[in-house]
Amino acid sequence: MKKLRLIMILGIVIIITNVLGCSELSVNNETEELDSYTLFAPLQSKDTFLINNDGEVVHTWKGEYNPGNSVYLLENGNLIKTNFLGPKVNSTFKAGGAGGGIEEVDWDGNVIWNFEYSTDKYLSHHDIEILPNGNILMIAWEYKSYDEATEAGRDSEILKDNELWPDYIIEVKPKGLNEGEIVWQWHVWDHLIQDKDSSKLNFGNIDNHPELIDLNYISSKTLNPGGADWTHINSIDYNEKLDQILVSVHGFNEIWIIDHSTTTEEASSNVGGNSNKGGDLLYRWGNNQTYIENANEIQFFYGQHDAKWTEEGNILVFNNGIGREGEKYSTVDEIITPVNENGEYKINSDNTYDPKEPIWIYKSENEADFYSKNISGAQRLSNGNTLICSGVNGHFFEVTKENEIVWEYVNPLKSTNNHNSVFRAMRYYEDYEGLKKLFDSGKSIEDSIKEELSYNIVDTGVNTFYTDKTIIENISIGEAFYGQDANYLGNQPSYSNNEDGTITDNVTGLMWQQTMDSKMTFLEAIEYANESKLGGYNDWRIPTIKELFSLILFTGESGGESAKILFIDTDYFDQPIGNITIGEREIDAQVWSSTKYVGKTMHADETVFGVNFVDGRIKGYGVLKPRGNTENKAYFRLVRGNKSYGENNFVDNGDGTISDLATGLMWQLADDGITKNWEESLDYAESLTLADYTDWRLPNVKELQSIVDYSKSVQTTNTPAINNLFSLSEITDLNGKNNYGFYWTSTTHQDGRNIADGASYVAFGEAQGEMFGDLLDVHGCGAVRSDPKSGNIEDYPIYFGPQGDIRYVYNYVLSVRTIK
């Protein structure tokens, strides 16, 4: 069999906003099936993702709530999602699968309909089913007090929580923006029987009434036997041809079928509808012990989920296996029901229903390898294969009738307690009407993925090749210094002049002030931003350091204190230089950000990070002037839009790599503890094999700066300025104190007499310098500076420049790769 085997960590998420991906993905390319797409909503995320067969996230719906629990793609291209409103909204019903809300969201993420079904008397949960007429079937719990339960015939000895939550089903007709009309309902409570107390309601002979529900049946083989969440229906499906409803009843280890053709009044009785049985059960299967005393039949279902009709009319069920005798394992079971063309189910003389056993069972060759104690689902595909979601593990895989796995995906998005669970995954083919918007855009999958990223990093603009001494024409694979910035072209800078004093960055989505006003203090800049109405907008702000650094281009050239070629696109932006007539240097044109340094620089100075577009660096600038207590002044370039820019979304992939789901980059989790010069660092990254990936490289300066965490510093958190998921080597500085080193980038910094001999680094520890005879934190953790590319390791560190910058030359490496 021809197979393409890929090892990928994407981000939806790649999560790309959320770039997701799979830890292991197998794709069978032998079939000539239409391309397909898989929809899922991780239980630990507010977002919903659509991936293609290569595991790439092609669309993400951002959300306000975690799922509660199912999501579906409608034929109009909208997403319909159940919402978990949380215990603060509903403190009565606390159990797995709790929801409370449902919403329809368009392709662009706009909520076009929202409906909440949550009070202290009821709560929607688990699953929904969209009917052909657009109405929605919803499962809900209803509250029954101790008195109500015992009066109905519940044995008080097994009323563990002193209350009961029997299930019911409502059919909701959407109305307006946040309303729904309940047009039909069916209640478990209307179809009870009990044989414990003749003085109570619902007394009768259970063996003679398979159509009724034993109020005192509890299974010891469920997650919470005897609890208030008694029946715990966890899935619902509809058969249009039969006008019947299928539910999975976890608490009974059964599936039930009821008549939907009834009125609500008939559904509460045992007459009416196509079956003339009202709301009584038409069929049940999986555990005869629920209605036959001393049943000797084999129990088939064990805490099952996701009962669905197939196109052929069979029923497919994910059989979780909780409580199964012997070793724990899950199966997917397919049965044929004894139904005729009129929707009638034949019952045997002993009140049991066929079949005697499933016609098809999927289980792992080593049974224990496939086990998900709860959630999970299975879907019969049009090619005859079955898509299985092993929910606890976040593992999706497609199997043939012969039980061969031909496609796999593992949800990489993990919660803080390392869970990556998914309630269910749904497959849609490219001819599905609901996917029309994905293809009508005319964009490639790659373009769609890029648009999902919330933090698109703009390339440095560098297309020149350098050794450690000179500029050369080109460098090819296998040659010395291969892997530098010019060998990898990312999102090339692209701007639009809006002709109103604003410039739009087409890569980041940020809109910028074109021309900066005169220098001002930090407080003056805040007031200035709040009052600005530039271009008719009133939501201008001072940019963060990551937003501001997105504008830098390393095609610039610095000449010490003089300006040569600015590090910004001057075709679009006006960038002043220092006024030498008033004693400033040309490089005194610092542009401040809104990012304050959490530590202190120099002699305990309050500091704000800024970018110098004249000399191509990030450093911290004192809020006050070095001499005296007067406030420092600098330039400010206002920004608006894309407030997510600069926010990382890291996922530890558990294999020595970390994916940033916001940028679509995967990172080496830890450096190798060995410092290197620039050429050695390029070679190390290019030669690296990690987590089965071989396409690692040395990051460019804007990529590496993207993972700085400016809320951290050695002074305040005793950590490097990076997310705690990363592991950086600790060093002892020349003061004998703990610090963290500099990290090479692939970007040459054109500075000084020889513009080829230096490369930029990012300081995740203190960017120190020797001043006044002391080694001080001069520039701040997260500064971007540059070192000579080569030199004798025995000669370093040395101090350089007016602020005594410490130069190590032999720095550390964190390699990066682009998630495909």
Is it true that [X] and [Y] have ring centroids separated by less than 6.0 Å?
X    : Y    : answer
W592 : F636 : yes
F567 : F554 : yes
Y812 : F764 : no

Any heavy-atom pair between the side chains of [Y] and [X] that's under 4.5 Å?
X    : Y    : result
D500 : Q514 : no
T657 : L669 : no
Y597 : V608 : no
Y796 : N677 : no

Looking only at side-chain N and O atoms, does [Y] offer a donor or acceptor that is under 3.5 Å from a partner on [X]?
X    : Y    : answer
S746 : D485 : no
Y740 : E766 : no
Y528 : D517 : yes
D671 : S729 : yes
K546 : N648 : yes
D733 : Q768 : yes
T544 : T595 : no
T581 : N579 : yes
Q590 : K519 : no
N498 : T502 : yes
T515 : D574 : yes
S562 : R585 : no
K600 : S713 : no
D787 : H749 : no
N506 : S496 : yes
N811 : T675 : no

Please round to the nearest 0.5 Å and tell me the distance separating atom [atom1] of [X] and atom [atom2] of [Y].
X    : Y    : atom1 : atom2 : answer
N110 : D108 : CG    : CG    : 6.0 Å
L553 : F573 : CG    : CZ    : 9.0 Å
I618 : L548 : CD1   : CG    : 8.0 Å
N497 : T504 : CG    : OG1   : 9.0 Å
W61  : E103 : CH2   : CD    : 12.5 Å

F650 and F726 aromatic ring geometry - parallel, tilted or perpendicular at 30°/60° bounds: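 Correct class here is perpendicular.
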Verdict with reasoning, S706 to Y455, per side chain to side chain contact (heavy atoms under 4.5 Å, CB included): CA-CA 9 Å; S706 77; Y455 186 180; 3.3 Å; yes
Greater than 12 external heavy atoms within 6.0 Å of E584's CD: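 For E584, atom CD is crowded (more than 12 foreign heavy atoms under 6.0 Å).
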Pair M666-D660, side chain to side chain contact (heavy atoms under 4.5 Å, CB included): steps then yes or no: CA-CA 6 Å; M666 184 189 295; D660 185 352; over 6 Å; no
Over all atoms of both residues, closest heavy-atom pair of H779 and F609: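 The answer is O-CE2, 3.6 Å.
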Step-by-step salt bridge (Lys or Arg N to Asp or Glu O under 4.0 Å) determination, D757 to K789: CA-CA 6 Å; D757 70 356; K789 295 175 178 176; over 6 Å; no
Evaluation steps, side chain to side chain contact (heavy atoms under 4.5 Å, CB included), between T460 and V701: CA-CA 8 Å; T460 62; V701 63; 3.9 Å; yes
Donor-acceptor under 3.5 Å (N612 side chain, V591 main chain):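 Here the side-chain-to-backbone pair does not exist.
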Check against side chain to side chain donor-acceptor pair (under 3.5 Å), Y635 and Q575: CA-CA 9 Å; Y635 289 109; Q575 174 63 52; over 6 Å; no
